[in-house]
Number of protein chains: 2
Amino acid sequence: MELFRTQHNGTDMESKQFAQKRKMVAFLNKSEDPLAIPAICRRLRLSVPTGTKLVNELIADGIVVEVGKMETDNGRRPVVYKINPEYAYTIGVEILLKRISVSVFNMEMVEVFQKKDNEFVLENTPECLSFVVDFIGQCLEELDEKKTRVLGMGLGITGRVNSKTGESYNYFNFLEETLTEHLSSKFELPIFLDNDTHVMGMAERFFGKARKEKNALIVNLSRGLGMTVISNGKVVLGNQGFAGEFGHMQFGESSKLCICGKRGCLGMEVSGYALEENFKEYVKNGEKTLLLPEGELRKVRYDNILQAARKGDALSIALLHDIGFKLGKALGNVINLLNPGSIILGGKFVVASDILADSVKSGMTHTALSQPLRTCDLLFSEAGDESGGKGAAAQVLYHYDLI
Amino acid sequence: MELFRTQHNGTDMESKQFAQKRKMVAFLNKSEDPLAIPAICRRLRLSVPTGTKLVNELIADGIVVEVGKMETDNGRRPVVYKINPEYAYTIGVEILLKRISVSVFNMEMVEVFQKKDNEFVLENTPECLSFVVDFIGQCLEELDEKKTRVLGMGLGITGRVNSKTGESYNYFNFLEETLTEHLSSKFELPIFLDNDTHVMGMAERFFGKARKEKNALIVNLSRGLGMTVISNGKVVLGNQGFAGEFGHMQFGESSKLCICGKRGCLGMEVSGYALEENFKEYVKNGEKTLLLPEGELRKVRYDNILQAARKGDALSIALLHDIGFKLGKALGNVINLLNPGSIILGGKFVVASDILADSVKSGMTHTALSQPLRTCDLLFSEAGDESGGKGAAAQVLYHYDLI
DNA sequence: CGTGGTTTATAAAAAATTTAATAAACTTGC
DNA sequence: GCAAGTTTATTAAATTTTTTATAAACCACG
């Protein structure tokens, strides 16, 4: 832990060795496979004897473990090493409108602890904040001896967030200090904050379908619409961390008033909210659907419409196609601007990926230039609904250059 | 030169020292002010005696020069050092539709040589390519002894370019090899290729108004419309280097057919071309203007309209306002997506910056969210019309991590 | 099944770097 | 104007790192 917790900025021998060890740990943790000492030494420009010395010290500290001997084509087989998966842990907290979850991961990002509350309702009140603090605090208690080996805690919260200052604008904005400062003082851990969409994008970038992609767009299509932009392998946060407000881009033909105060926001036409609204309007106008009469119209949520579409409900499918086409057109514009290698569609809408795929692609051809479009893959996230915690925790590893 | 030309990948002493020297040179060249040995050593985690040794070797190689003693508040004044400005040179070539220019810069980016041909007309023919090759070749001859000290040549060419592979798609696309390969074989120099807009963006990023900005948009508004996106301090090239096709984003209300084969491209409404078209249409419909009857209508170029606007021609001003407003609306969308800290307007339209500023800002408020808009500055490039060479040459320095 | 070729690992010798000590240059305060 | 404090520069001693040499592990080929 000392290796990450303390800052070594001197020019003395100890600082240099700390820096080398940190680079070594970074290299080992970023590598998919265990590494041999000669390979490590080539990368770090170190002689084999010193490399061996440093690795042995890292083993003595419990940071690195020996894995075994590697199969090679010729020559003596090297002993290979990896980061001790139980050396340290990261915490990922997801605070959504109707759910809070706390996940704890080991160095291999295996979830070693999870606790969630699906009854939770996010409100911008001190009571809600102290519930959140208590909830996280309980989880920390349950961690027992692991508690002392936590590198940091990453949070993903709905709403607008300045991930650079650690401020949350929509929720818990009544504090004197920033939300990050508040949580730091409560838990005495390094805290990293971002919005739910960026956190989902991080998960996709580091563990999901954008793992090998240096330029990607990750769309979060659930009740709202957001985007994470990956350029040069890094998440684009922008000047204040507000980047990715895809749902508030003005592409639309509609003139519905958005909560942001503008008309024509894409999110008013492409989102779970829009799906609900459109569905209700069509049904009121006498359109038939498989969904009803099971539930009352006002109780229908976009999740239900997505399920109905999967079951073949014509109205739901038609509405989804419409949304997919509009989304595709908007994405085509972003393709022209950023030339991504792949676009990953995530969020609750992925359950209807079969229905969306064609309409999104069709929309993209309407606006994207053929050259950048040709090499841009449209993929659907396989991360699942509860991957937010992983992305939230990834912020911690990212900060320590371990990912 | 050896320091940059050769690759040192070993773990031996010589490679390590080469790597350290390269880092030292990078640090010195990136610094605005000359640096003292203790400051260098702190950054490179080196003891003062070794730092001194390396600096002395760099001086012996002619790479570094002593500047003098620095004023400090207390203590002995340190001797400060900088890169020898005449140690090496970079070449920047700009190949536009109606101009070719070759500039040579020293390490301080002072132009030590320039040659241009304003009669040049870019055509996708072998003849035009050999003219270009000859033109550059002549410039190299005229460099005399400096010729042996050229780090590399960067080119900015109109049209679509894959800067990663070095291919040019619109011009000189008849070659078996890539344009970069072709030029490399002709000049035996490291060659770096990108389009004119990215090259202009590079100039703005490293020497212009985006110098201290990690997240910026640089708009190239001339006869066409392009953009360079800067995120996390780096130029966003995208998967194939096509990023920045702002002019082909579909925001427009117009349905004019663009050369790309689509309708509604922003460049059909916001560009020098659009300005010309709109002007002609209005004049045909009997609108009055100060510009005519000096020239015939079909000879009017957008440059003339911009000048007329500066002189107070009501029609030209009105048309510019319209373009500015539309541009602002489109930029507002990109603000929502990327949250830039500043937007720099460059290209030929900057002569009318006074007229554009308000209308662009007004357009931006129509689409941009208030939070990201508030901290986004709208600036106008001061780089001037012939700064493309500087940006082209910057590619070389960027490649060697000297900028 | 042994010899030659290849890669890894370890131990002693050689080289390079850091540390510590000292001198030099400069400011401030009395 | 001199002593105390601060920072840079240089030199010699101590430490660390690399180099070299040697052994170990493994494959392929005859």
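Please read these numbers as outputs of a predicted model, since none were measured by experiment. Letters A, B, ... mirror the listed sequences (proteins, then strands); counts begin at 1.
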When rounded to whole Å, the CZ to P distance for the pair B:R42 and D:dA9 reads 11 Å

Review point. Does the ring center of B:F206 lie less than 6.0 Å from the ring center of B:Y398?
Key: yes

Sequence neighbours excluded, the answer for ring-ring contact (aromatic ring centres under 6.0 Å, His included) partners of B:F105 is none

Next on the checklist: Looking at B:K209 and B:E204, is there a salt bridge between them, counting it only when a charged N and a carboxylate O are closer than 4.0 Å?
Outcome noted: no

Next on the checklist: Are B:Y89 and B:L151 packed together at the side-chain level, in the sense that at least one heavy-atom pair is separated by less than 4.5 angstrom?
Outcome noted: no

Residue set satisfying salt bridge (Lys or Arg N to Asp or Glu O under 4.0 Å) with B:R77, at least two apart, ordered chain then number -> B:E71

From OH of B:Y81 across to P of D:dT8 the rounded distance in Å is 12 Å

* Please determine, by modelled atom types, if A:Q240 and A:N162 share a side-chain donor-acceptor pair under 3.5 angstrom. => no

Those residues at least two apart in sequence (or on a different chain) that pass salt bridge (Lys or Arg N to Asp or Glu O under 4.0 Å) with B:D401 are B:K30

By side chain to side chain contact (heavy atoms under 4.5 Å, CB included), A:E213 pairs with (sequence neighbours left out) A:A210, A:A216, A:S342, B:N239

Expected list for residues 6-13 of chain A near DNA chain C, using heavy atoms below 4.0 Å, is A:T11, A:D12, A:M13

Taken in chain and number order and not counting sequence neighbours, the residues that satisfy salt bridge (Lys or Arg N to Asp or Glu O under 4.0 Å) with B:K214 are none

Problem - Residues A:E86 and A:K146 bridged, charged N to O under 4.0 Å - result: no

With sequence neighbours left out, the residues meeting ring-ring contact (aromatic ring centres under 6.0 Å, His included) with B:Y87 are none

If you measure only the distance, is there a donor-acceptor pair under 3.5 Å linking the side chains of A:T180 and A:H182? no

5'-most to 3'-most nt of DNA chain C touching chain A (<4.0 Å, heavy-atom partner on protein side) reads C:dT6 to C:dT19

Under a 4.0 Å heavy-atom cutoff, the residues of residues 18-34 of chain B touching DNA chain C are none

Next item on the list: For the residue pair B:H399 and B:F192, categorise the inter-ring angle as parallel (less than 30°), tilted (30 to 60°) or perpendicular (more than 60°).
Entry: tilted

The correct set of residues in residues 51-62 of chain B placing a heavy atom under 4.0 Å from DNA chain C is B:K53

| request: Could you check whether B:V48 gets within reach of a base, just the sugar-phosphate, or nothing at all, counting any heavy atom under 4.0 Å? | output: base

Per nearest nucleotide of DNA chain C, the residue lying toward the 5' end, A:E14 or A:P49, is A:P49

Strictly under 3.5 Å: I want the nitrogen or oxygen pairs between protein and nucleotides 24-30 of chain D, one per line.
| unit_1 | atom_1 | unit_2 | atom_2 | d |
| --- | --- | --- | --- | --- |
| D:dA24 | N3 | A:R76 | NH1 | 3.3 |
| D:dA25 | N3 | A:R76 | N | 3.2 |
| D:dC26 | O3' | A:R77 | NE | 3.3 |
| D:dC26 | O3' | A:R77 | NH2 | 3.4 |
| D:dC27 | OP1 | A:R77 | NH2 | 2.8 |

A:N74 meets the side chain to side chain contact (heavy atoms under 4.5 Å, CB included) criterion, sequence neighbours left out, with none

Among side-chain atoms of A:E111 and A:S103, is any donor-acceptor pair under 3.5 angstrom? yes

